[in-house]
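What follows is a short report on a single structure.
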Amino acid sequence: MQILNNYRRIAVLLLAPCCAAAAGAQQATPPPAQAGASPGLAWSPSKDIGVFVFGKNGQTADQQLKDETDCYGAARQQSGIDPKASAPAGKTAEQKAAEQKAAAENAQKVKGARVAGAARGAAGGAAVGAIAGDAGKGAGAGAVVGTMRGGAAQRQANAAAQKQAAAGVAAQQKAEDESIKLAHAEGLDTFQRAFAACMDARNYSVK
């Protein structure tokens, strides 16, 4: 009898760790999800277009996702706008630079400043030369100086005209870029309003 009791005690000691491990595993197992529970909307069309949607009649998450998907498709069909499409690309930096360069090269150039400067210089030089007793020599020297001054003035005027032409093209390019961005933003706004109208008809509030 004593030997039998000893065997029983040994068996209990050997089984105790196994029973404890099984109990721990059972406690660690998470309870099953409740039947009929609807998970939150991890993704939805409303998040894609940057609006918030709230059900007015206690719609489930699954029902809201279905309604949003339907209204997303309806808004796209009615507005003709794809909200996922990127804004149209404007001109590249290289294209803009080429247009500005062409405008500068085609700017109206000032002409005749060298001749006019020479004439004025000759007249002034002749007057000075007459006083000195050699009008011809004074006129020649004055013409040279006048030509140089006239040439410098002509180059400055042409450079200013080229700069102004390039700046005008740059301003026009900037206006074109802003117009493209504005048209894209207005398209998204139109889509959002179409989506909101559809969701409102299904008893949702869209903000």
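All residue numbers refer to positions in the sequence shown, counting from 1.
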Could you measure the distance from the SG atom of Cys71 to the CE atom of Met199? Nearest 0.5 Å is fine.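 That separation rounds to 5.0 Å.
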Interatomic spacing from SG in Cys198 to CD in Glu68 - rounded to 0.5 Å: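 Nearest 0.5 Å value for the SG-CD distance: 10.5 Å.
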Just so I know, are the side chains of [X] and [Y] near enough to count as touching, which here means a heavy-atom distance under 4.5 Å?
{"X": "Tyr72", "Y": "Ile49", "answer": "yes"}
{"X": "Phe54", "Y": "Lys207", "answer": "yes"}
{"X": "Arg155", "Y": "Asn158", "answer": "no"}

Establish whether Val206 and Phe191 are linked, either directly or via other cluster members, by ILVMFWY side-chain heavy-atom contacts under 4.5 Å.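 Linked, Val206 and Phe191 end up in one cluster.
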Hey, quick one: are Leu188 and Val51 part of the same hydrophobic cluster, counting side-chain heavy atoms closer than 4.5 Å, chains of contacts allowed?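 No, because Leu188 and Val51 fall into different hydrophobic clusters, even though each may have its own neighbours under 4.5 Å.
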What I want to find out is whether [X] reaches [Y] closely enough, with some N-O distance under 4.0 Å, to be called a salt bridge.
{"X": "Asp70", "Y": "Lys66", "answer": "yes"}
{"X": "Asp200", "Y": "Lys56", "answer": "yes"}
{"X": "Asp177", "Y": "Lys181", "answer": "no"}

Determine the minimum heavy-atom distance between His184 and Pro88, stating which atoms define it.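 Looking at all heavy atoms of both residues, the shortest contact is ND1-CD, 4.3 Å.
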Tell me, yes or no, whether the heavy-atom count around Gln164 atom CD, taken from other residues, nucleotides or ligands under 6.0 Å, exceeds 12.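 Atom CD in Gln164 is not packed in, count stays at 12 or less.
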With a 3.5 Å distance limit and no angle check, can you tell me whether [X] reaches the backbone of [Y] through a side-chain donor-acceptor pair?
{"X": "Gln59", "Y": "Gln64", "result": "no"}
{"X": "Asp189", "Y": "Ala185", "result": "no"}
{"X": "Gln95", "Y": "Thr92", "result": "yes"}

Quick one: list whatever passes side chain to side chain contact (heavy atoms under 4.5 Å, CB included) with Glu99, sequence neighbours left out.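 Testing Glu99 for side chain to side chain contact (heavy atoms under 4.5 Å, CB included), a comparison that skips the adjacent residues, returns Lys91, Val169, Gln173.
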